[in-house]
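Worksheet for the structure shown next.
Sequence lines set the chain letters: A, B, ... in the order given, protein chains first and strands last, and positions in each chain run from 1.
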Amino acid sequence: MEVYNTLTKKKETFRPREPGKVSMYVCGPTTYNLIHLGNARPLVVFDTIRRYLTYRGYAVTFVQNFTDIDDKIITRAAEEGAEPLALSERYIKEYFQDAAALNVLPADVHPRVTEHMPVIIDLVVRLLERGFAYEVEGNVYFAVTRFPEYGKLSGRSLDEMLAGARVEVDPRKRHPMDFALWKRSRPGEPAWDSPWGPGRPGWHIECSAMSLHYLGPGFDIHGGGADLIFPHHENEIAQSEAATGQPFVRYWLHNGFITVNREKMSKSLGNFFLVREILEKFPPSVVRFFLLNTHYRSPLDFDDTRLAVAGRALDRLRVSARLLEEGLENGRERAAGAEEEALLSELERFKDAFIRAMDDDFNTAQAIGVFFDLAHRVNGYLHRSQPPVRAALAAARELYRDFNRVLGLFPVDEQTGRFVFEEPCFGGKAEQLLELLIAVRQEARQRKDWTTADRIRAGLRELGIVLEDTPEGVRWRVV
RNA sequence: GGCGGCAUAGCCAAGAGGCCAAGGCGGCGGUCUGCAAAACCGCUAUUCGCCGGUUCGAGUCCGGCUGCCGCCUCCA
C-alpha cells in the first residue's frame, strides 16, 4: 500500500508502527457552528480511509477531537448571549447528526479539549522544563528558534516565513513566529487553573496532547485539510517532538479543498454551503459519492449542477444493485455454466482492481470506476441470462457489499443486509397512495387506455418519481 | 514578495516511461417497450495548455512559457 506523505512530498510504502495495527488521528471541528461541505470532505475522506484499512484487515484506532473551547467559540457565544461550553455542546450534537447522515462512522475516541486539561497542561509544563517554551504574564509561548526543524512539514524556513509575514508582531513574543501554548483568560471568559494562572490552551497544543495521550508518539496517520499544514500541523510537530524527543507522526495526509467557482470554500469568504442545506436538496449518498469521485488530494469544485450529475451517476450503481437483488429473488439454483464461470473469474479481477486502486494512495475515483465496471458486467449478465444462476449473483452481491463497506455509498438494512434503495424521505401513507396510483394505471394499461396511463406516469415524473414497466411488474424509484 | 499545486474529450474525472488514453454525465445510432424508462449492443480524445529537451519510446521525466488555484492570517 502506498500513501502520499505531505512530510516527504512523495508516495511511500505504508508500514504501520505495529504490524497489523493502525493508529490515526484526524483534526475535528471547532464547534461554533454547523459544518459546511468543506468541513465534510475530510470527514468522508478519512472515514473512507479508515474503512479501507479495516477492510484490509488492520485493527484501526481512530481518534478525532473536538475543539470545544477557543476564541471563535467565545466570540460566537457572546454574540448569541450563550455560554461558550453550552454552545459547543450544541454544535457537537449537530456535528454527529450531519456525520451520521453522511454515513461517517463514529471514531473510537472523540476527545474534547475541555475534558483533557491535565493532559494539555502536562505537555506545556514539559515544554517549559525542556526549554522550548517561556511564560510571559500568564501566557506561555513556544520558542520556534529552539526547534531547528521548524518548517519541515510546510517546506519553508523561518526566514522565508518572516519575509512573507503579514502578522502583526505581538511584543510579548521573543520571535514573531512563536505561538501560544497557553493563553491567559480575560475576566468573564472560561478559564482553567494552571501553574501560570487561569487560562485556556492555545489552538495547536490540544491536538498534540490528545493524540499523544491516546496514540503515543510515532503514531501512523495524522490527517486533516490542506489548510492545516501551516501553521497547525507544523506547530503540532514542533510541540510534540520537542516534548518527547521522538518523531511525532509517520504519515501526514491532507485533503484538497472544496472550491466554489474555483475559489476555496471558506467561512471567511462566505462562499460556503452547509451540509444541512445541501441535504435538503440531495440525498446523502449523492453527497458522499460526489466527494469520493475525485481523488482526495485534488481540489473539488462544487455547485448544484455537479451534484445533480453525481446523482445520475450514482443512480446507475443503485439501479444495478437493485437489479441484482431482483435477480437473486428470481434466480435459479442451477449449476454454474460457462457464462457464470466467466462472471465469477471477472469478479475476482474487479476485486483485485479495486484493491489496487485503493492501495494506491486511496484512489477512490479509480475504485469507483471499478465499481461501474462491475455494475456493467453484472447488468450484462442479467440481461443475457434469464433466469440467472443464484450462486453467481450471490458472489456478485458479496463484492457489491465489499465495495460498499469501504465507500459507504448505500445505506444497508442492518437486519437483512440488503441495500436500502429508497431514501428515507419517502414512505408511509405517501407510499401507499403511490401504490394505489400505480394499480389504477395498470388497469388503464390493460384497457389500452394509454392517455390515462401516460398521464399518471408523466405526473409522477414531475414529482420526481420514475415508473418503469417491466415484465415482472412496475418498478418505481425516486430521483 | 516567498513557497507550493494543478492544466487530459462538450462537461466531470482516473491515469506518474511502453498492449487500443479508466470510469461517469451528456450526445448519436440500434435492441427491448403500446410509447417510455431502465438495461443491453455500438459510436463519441490519431491525443493529453504551449515550446524545447532526455529516451528506442513521454499526459507520464527535465527546463522554459502561459493560465488557474492555494499557503504564508482564523479556516477542513
From [options], nucleotide with atom closest to [X] side chain:
X        : options                : result
A:Met265 : B:rA76, B:rC74, B:rG34 : B:rA76
A:His295 : B:rA14, B:rA76, B:rG2  : B:rA14
A:Lys267 : B:rA76, B:rC75, B:rC25 : B:rA76
A:Thr294 : B:rA38, B:rA14, B:rA76 : B:rA14
A:His36  : B:rA76, B:rA38, B:rA13 : B:rA76
A:Ala313 : B:rC25, B:rC35, B:rA76 : B:rC25
A:Arg316 : B:rG24, B:rA76, B:rA36 : B:rG24
A:Gln366 : B:rG23, B:rG15, B:rA39 : B:rG15
A:His376 : B:rA76, B:rC68, B:rC41 : B:rC41
A:Arg156 : B:rA14, B:rC72, B:rA38 : B:rC72

What N/O pairs connect the protein and nucleotides 26-30 of chain B at under 3.5 Å? Give each pair on its own line.
from   : atom 1 : to       : atom 2 : distance (Å)
B:rG26 : OP1    : A:Arg312 : NE     : 3.4

Considering only NZ, NE, NH1 and NH2 on the basic side and carboxylate oxygens on the acidic side, decide whether [X] and [Y] come within less than 4.0 Å.
X        : Y        : result
A:Glu348 : A:Lys351 : no
A:Arg50  : A:Asp108 : yes
A:Asp47  : A:Arg51  : yes

How many Å lie between [atom1] on [X] and [atom2] on [N], as a whole number?
X        : N      : atom1 : atom2 : answer
A:Leu300 : B:rC12 : CG    : P     : 12 Å
A:Leu228 : B:rG70 : CG    : C1'   : 14 Å
A:Glu468 : B:rA37 : CD    : P     : 10 Å
A:Ile74  : B:rC74 : CD1   : C1'   : 14 Å
A:Asp301 : B:rC68 : CG    : C1'   : 12 Å
A:Asn261 : B:rC11 : CG    : P     : 16 Å
A:Leu323 : B:rA38 : CG    : P     : 12 Å
A:Asp227 : B:rC75 : CG    : P     : 8 Å

Looking only at atom [atom1], what distance separates [N] and [M], rounded to whole Å?
N      : M      : atom1 : result
B:rG5  : B:rC41 : P     : 42 Å
B:rA37 : B:rG23 : C1'   : 23 Å
B:rC61 : B:rG24 : P     : 27 Å
B:rG26 : B:rA45 : C1'   : 15 Å
B:rG1  : B:rG59 : C1'   : 33 Å
B:rG2  : B:rA21 : P     : 41 Å

**OP:** For the residue pair A:Phe419 and A:Tyr400, categorise the inter-ring angle as parallel (less than 30°), tilted (30 to 60°) or perpendicular (more than 60°).
**Re:**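 Aromatic pair A:Phe419/A:Tyr400 classed tilted.
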Original post:
Should the pair A:His254 and A:Trp252 be assigned to parallel (<30°), tilted (30 to 60°) or perpendicular (>60°) ring geometry?
Top reply: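 If you compare the ring of A:His254 with that of A:Trp252, the planes turn out parallel.
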Hey, does [X] reach any base, or is it just sugar-phosphate, or nothing, if we go heavy atoms under 4.0 Å?
X        : result
A:Asn379 : sugar-phosphate
A:Gly380 : sugar-phosphate
A:Gly28  : nothing
A:Phe371 : nothing
A:Arg441 : base
A:Ser298 : sugar-phosphate
A:Leu269 : nothing
A:Lys9   : nothing
A:Asp70  : nothing
A:Lys264 : base
A:Leu467 : base

**OP:** Determine whether the aromatic ring centres of A:Phe66 and A:Tyr91 lie less than 6.0 Å apart.
**Re:**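 So the answer is no for these two rings.
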Whether the side chain of [X] and the base of [N] hold a donor-acceptor pair under 3.5 Å is what I'd like checked.
X        : N      : value
A:Arg457 : B:rA36 : yes
A:Arg306 : B:rC11 : no
A:Asp454 : B:rG34 : yes
A:Arg445 : B:rG34 : yes

Original post:
For A:Trp450 and B:rG34, do the ring centres fall under 5.5 Å apart while the planes stay under 30° apart?
Top reply: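 Base of B:rG34: stacked against A:Trp450.
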Identify the nucleotide, in any strand shown, that forms a Watson-Crick or G-U wobble pair with [N], with both distances under 3.5 Å; if there is none, say none.
N      : result
B:rC20 : none
B:rC61 : B:rG53
B:rC43 : B:rG27
B:rG1  : B:rC72

Original post:
Minimum heavy-atom separation for A:Ile73 to A:Thr67, with atom names?
Top reply: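 Nearest pair, atom of A:Ile73 first, then A:Thr67: CD1-O, 3.4 Å.
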**OP:** Answer yes or no: is there a donor N or O on one side and an acceptor on the other, between the side chain of A:Asn363 and the main chain of A:Gln366, under 3.5 Å?
**Re:**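 A pair under 3.5 Å: yes.
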**OP:** Please check if atom CZ in A:Arg332 has more than 12 non-hydrogen atoms from other residues, nucleotides or ligands closer than 6.0 Å.
**Re:**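 No - once you tally the heavy atoms of other residues, nucleotides and ligands closer than 6.0 Å, there are 12 at most.
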Original post:
Syn or anti for B:rG57, with syn set at within 90° of 0?
Top reply: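 This nucleotide is in anti.
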For the residue pair [X] and [Y], would you count it as a cation-pi contact if the rule is NZ or CZ under 6.0 angstrom from the ring centre and within 45 degrees of the ring axis?
X        : Y        : value
A:Arg156 : A:Phe230 : yes
A:Lys264 : A:Phe257 : yes
A:Arg297 : A:Tyr4   : yes

